Each structure stands twice: as structure tokens, then as C-alpha cells.
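In what follows, a structure is listed as C-alpha cells, so that the remarks can point back to it.
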Amino acid sequence: MQVRTRFAPSPTGFLHIGGARTALFSWAYAKRHHGQFILRIEDTDVARSTPEAVQAILDGMQWLGLTYDEGPFYQMQRMDKYREIIQKMLNDGSAYYCYCSKEELDALREQQMQQGLKPRYDGRWRPEEGKVLPTPPQGVPPVVRFKNPLTGVVAWDDLVKGRIEIANEELDDLIIARADGTPTYNFCVVVDDWEMRITQVIRGDDHVNNTPRQINMLKALGATVPQYAHLSMILGDDGQKLSKRHGAVSVMQYDEEGYLPAAVLNYLARLGWSHGDDEVFSVQKFCEWFDLNHITPSAAQFNTEKLNWLNAHYIKEMPLDALAKEVARRLLRIGVAVQDQPDLSAVLALYRERANNLNQLAKEIAYFYQTPAANQSDVEKHITDEIKPVLVALKTRLEQVEWSAEHIHAIMNQIVTEHQLKFPKLAMPLRVMLTGIAQSPSIDQVIAILGKELTISRINAYLN
RNA sequence: GUCCCCAUCGUCUAGAGGCCUAGGACACCUCCCUUUCACGGAGGCGACCGGGGUUCGAAUCCCCGUGGGGACGCCA
């Protein structure tokens, strides 16, 4: 059978890291089986859904490269379909009107909680053979409830968690249409997964409890029940649950914070899934390897350190021109315009080995394009009066040398020998003069890329 | 409270009864490299939640605890 998976976010906020992983797994599963991946926006909560959130989700998916074969579908545009099916269920008796007010239900819930019972609807408007229903109150618009089976068990073999069984006694008659007529989540999911012929529902752990109700509805509709795979949640770096006010960052924030999508993808792939000892692999490999039986059923804690490490890897691996584009953009953001010289690709070839973050990388190389603000303590420590004559001598020699790292290195060696100094005695003050700080790659290479003009003028600034 | 789920190094994980004196990766520590800081290389530290079974043999299967999490909406 043709594999069809879907990602079905509700547009009430940005695409966060947990949602991104769910999307990634669904997408990869479809790719792995040469199937289709469908994007469906679950926007039936009119009060909380926003077009901005829809856009944020689309942006996040695009940034990660999670393309969809069908959609995006919007549930609000499918109202006619839902209404039609609700009417059908009303007609065939698998659903019924309920006139309970919210207040009534709240009171019922509270009472049940106090008695130590699981709060649920007590079925007072549920039609039953020989049962006399209350008279519908005047002017109260009813909700529609699904008539859930009273006995028996609902069971499914979860592709991640194994067999799960739930007794129907635990379930109540859930509302499938609100008093204003709009259908609710559990119902829309059922209709859509059915109509869109979804074969594997891959979603968050928090939906396990919805699954038996959905299966019951699917059965009532005579629909095929898809397979389910419930992914456990992702915890924050501190082991705490991710929430709106606690660390649930948008995937786009990773872009802002200097991460490459390849790194985020690779990191997410390994969070809760594994392929033996493999740690670093491309998204293509992931699509070849991905399977549901190697998903961990337990929750996973996010680890920024490891993401950083992967980010470093992908910064080293990516094509230099692509990296240059990426870094130029970030330089601009901190107010640095890249010029033709020094050559950005050359700069990055020298610097990317040591970087694990694009923003940090941009910050580190900014001095090639603007005079750096010198670190005062480094200046005092390294640019001493004793060394200044040596630097004057070096400068004179630099003015005549053929401009390459090798030649520059050679004259530095000469100077050092002539003045009977250790190499760092010369290298350190140069570093501070040219870069503003005491850490840089090999200073001769820095000088070579920086160019004669900038090198001499920055040295002069300290000698006059 | 009720139901459901989960449990291997600090973290992500390998592990489908013997291959496990439990492997890898991040982090951490030491050393090497060295022109500073990184990168890199070589080592090191470090875990099967507890108790009962089953079995010749259990990290792996079963039960009971314990701990953690999720769900119980006219939210999704």
C-alpha cells in the first residue's frame, strides 16, 4: 500500500522543536517508503489560530527543507465535509445532540473529581433503548456528541510503544461539534486522516489518549484505521518540559542564533531515533535509514552542546561559497559590510575550522572589514615599549616582502632570530594590533589575507 | 484522584536471553600537536532505578514497588 503520512499542526504559535521533529519523522518515513507527505493545518480553534502562526509554520518547514507532496490543507475550508458527516452520524444514531450547559458540565466534573473518579460526561442526553430523554431546553443550541461504545476495549499496536489497550468504560461521549456548529479537533482529525488516506499517523505522545476515541469514530464511520506511532516528548536542556514560557523555541530561532538547518536536522534525527552508532549523517542518509522500530519510547532531553558540535561539523563541511553567503548576511546584521578584499572565502577557509556557530563566526571575522576595538588588557600585556622597535623593524620588512603567508612567516622568523626573541613575543602584539584580541589563527596567515595596506596601517596606529 | 505511558553513563543513545569485564557520541579530565585561542589526535572518568520471579544463563522476558511524564476541555 502507498505510504501516506501527514504533519498536522495547529496554527496557534510558531513551529517549535518538538513539532519540527514530528514533521521530520513523518516526512522521512514517507520518503523512505516512496510515499506522500501531507501538510494539514488544524485551524478549527478559530479563537487561537492566526495567519501569522500559519506563516511561521510554513517558514519553519521551509527552512528545514521539509517539503510536502500535498497541501497545505486548511480544516476551516473543509467545513462542508465535516457538517455532512456529522449529519450522517446524527441520522444513523452514532451521534446525538446534548443540551448540557458548560456550567452543568463544570459542576459534574468537579463532583466527580472530588469522588476520586475520572471526570467524564455522564451520558445524560445519550439516547438509549427504553430511556426517556429530558426535554430540550428552549433556545439552547446543542452540541453534538459521539456515541462511544459502552463496553469492550479499544486496542492498537503502536509502532513506537507497542500494544496499547483501553477499556471503553474509560471513555466518554466526546463533543464532535460545538454549539456554534463548528467541528472539534478529534472529529476533524478522524475525517481528514480517513479522507486523505493516511496510512501512518506519526504524532506526539500527548495524543495517545485521543487515539482510542478516534479509532472508535473511524470504526463507526466504516473507515480503515491507520497505524499509529506516538513520539515521546522533547524536554528542555534543563530536563524540564518545554512550554510557551519555558524554552520552547521556534525553529527559526535556531537560524537567528547561528545554526545551520543541516545541523538541526541531524540533531533532531538522533534525538529519539538511532541507527547503530551513527551520529553524523546527511538528511538523505536519514531518509534511507529511517524506521519506526528504532525510535525510543522514552522522553529525550535537548542538549545544546551536542547541537553545537554538529553545527561545527556542518560549518566545516558546507561549500565555501554557500558559507560565505550565510556569513555575509550575518555580518550585515551586525553592521559590517563585506568588501571584495579581504576575500571572504579566504577568511572563512582560515576561520571555519574553529567555529561552531555562524553568528560567532561572523563576529570573529568582522575585523577584516572594520577596524577592531582593541581589548585594553591585551594591549597592555602584549604591546610593550620593548617590543615596539621590533615591530618597526618588521613593518619595514613587510613593506617590501612578496605578500604570501610563507614569505611573511619567513621574515617574522628572521626578525625573531635577529632580536633573539621567542616567536610569540612577536606574534602576540601583532595579533592584538591587527585583530583587537589575543586569539586568532596563525598570524602569518591572518596577515596574508588581511592584505598589506590594512596590516601596515593597523600597525602604524600603535607605533605613532 | 482516575486512566495511559516511560525508566542503560551528567546528556543523546547501542543493546531483540549468552557476542556485555555493557559499545558509540556530546560534555568533562589528562596528555600530544602548537605561534595565542581553537581544530585535530591519543587516553581517562562515567550507567543497566529497586525487589522478586522465569531460565543453565537477564540490561534484555514476567510481576510488584519506586520515580518521572502525559491525558482527563464546546484546545489541538
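The structure presented is a predicted model; accordingly, all values stated were derived computationally and were not measured. Note: hydrogens, waters and symmetry copies are ignored here, and every other heavy atom, side chains too, is used. Order of the sequence lines sets the chain letters (A, B, ...), proteins ahead of strands, with each chain counted from 1.
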Counting only side-chain heavy atoms from C-beta out, which of [options] sits nearest to [X]?
{"X": "A/Val143", "options": "B/C3, B/C74, B/U35", "result": "B/C74"}
{"X": "A/Asp277", "options": "B/A71, B/A14, B/A76", "result": "B/A14"}
{"X": "A/Met233", "options": "B/G69, B/A27, B/A71", "result": "B/G69"}
{"X": "A/Asn209", "options": "B/A27, B/C74, B/A71", "result": "B/A71"}

With A/Tyr29 via ring-ring contact (aromatic ring centres under 6.0 Å, His included) - residues at least two apart: A/His33

Report the C-alpha separation of A/Phe7 and A/Trp27 in whole Å, then their side-chain angles, then the decisive distance to 0.1 Å, and conclude whether the ring-ring contact (aromatic ring centres under 6.0 Å, His included) test is met. CA-CA 8 Å; A/Phe7 177 54; A/Trp27 176 81; over 10 Å; no

Set of side chain to side chain contact (heavy atoms under 4.5 Å, CB included) partners for [X], sequence neighbours left out:
{"X": "A/Gln227", "value": "A/Leu159, A/Gln200"}
{"X": "A/Glu84", "value": "A/Lys81"}
{"X": "A/Glu104", "value": "A/Cys100, A/Ser101, A/Arg124"}

Can you confirm if the aromatic rings of A/Tyr267 and A/Phe302 lie within a centre distance of less than 6.0 Å? yes

Near-ring test A/Phe25/A/Trp273, centroid separation under 6.0 angstrom: no

In Watson-Crick or G-U wobble terms, both distances under 3.5 Å, what is the partner of [N]?
{"N": "B/C3", "result": "B/G70"}
{"N": "B/C31", "result": "B/G41"}
{"N": "B/C9", "result": "none"}
{"N": "B/C56", "result": "B/G18"}

When rounded to the nearest Å, what value does the distance between [atom1] atoms of [N] and [M] take?
{"N": "B/C20", "M": "B/A59", "atom1": "P", "value": "13 Å"}
{"N": "B/U21", "M": "B/G50", "atom1": "C1'", "value": "23 Å"}
{"N": "B/A47", "M": "B/G10", "atom1": "C1'", "value": "10 Å"}

What nucleic acid atoms does [X] come within less than 4.0 Å of, heavy atoms only: base, sugar-phosphate, or nothing?
{"X": "A/Cys100", "answer": "base"}
{"X": "A/Asp444", "answer": "base"}
{"X": "A/Pro441", "answer": "base"}
{"X": "A/Asp237", "answer": "nothing"}

Could you tell me whether a side-chain N or O of A/Asp43 sits under 3.5 Å from a main-chain N or O of A/Gln75, the two making a donor and an acceptor? yes

Tell me which pairs pass salt bridge (charged side-chain N to carboxylate O under 4.0 Å, His left out) where either residue lies in [range], with sequence neighbours left out.
{"range": "residues 414-443 of chain A", "result": "A/Arg397-A/Glu418"}
{"range": "residues 181-194 of chain A", "result": "A/Arg6-A/Asp193, A/Arg40-A/Asp192, A/Arg40-A/Asp193, A/Arg78-A/Asp192"}
{"range": "residues 138-158 of chain A", "result": "A/Asp157-A/Arg163"}

Atom-to-atom span, CG of A/Asp172 to C1' of B/A71 - whole angstrom: 12 Å

Could you pull out all residues at least two apart from A/Ser377 that satisfy side-chain hydrogen bond (donor to acceptor under 3.5 Å, both in side chains)? A/Asn375

Which residues share a side-chain hydrogen bond (donor to acceptor under 3.5 Å, both in side chains) with A/Glu380, sequence neighbours left out: none

Per the under-4.0 Å heavy-atom filter, residues of residues 407-429 of chain A near RNA chain B come out as A/His409, A/Phe423, A/Pro424, A/Ala427, A/Met428

Extract from the structure each pairing of a protein N or O with an N or O of nucleotides 38-41 of chain B at less than 3.5 Å, listing the distance.
residue : atom : partner  : partner atom : Å
B/A38   : O2'  : A/Arg354 : O            : 3.1
B/A38   : N3   : A/Arg354 : NH1          : 3.3
B/C39   : O3'  : A/Lys316 : NZ           : 3.2
B/C39   : O2'  : A/Glu353 : OE1          : 3.2

Does B/G70 have OP1 or OP2 under 4.0 Å away from a side-chain N or O of A/Lys241? yes

Taking only the side-chain nitrogens and oxygens of A/Thr44, find out if one of them lies under 4.0 Å from OP1 or OP2 of B/A76. yes

If anything within 90° of 0 is syn and all else is anti, what is B/C39? syn

Under 4.0 Å protein heavy-atom contact, by nucleotide of nucleotides 5-13 of chain B - B base, S sugar-phosphate only: SSS---SBS

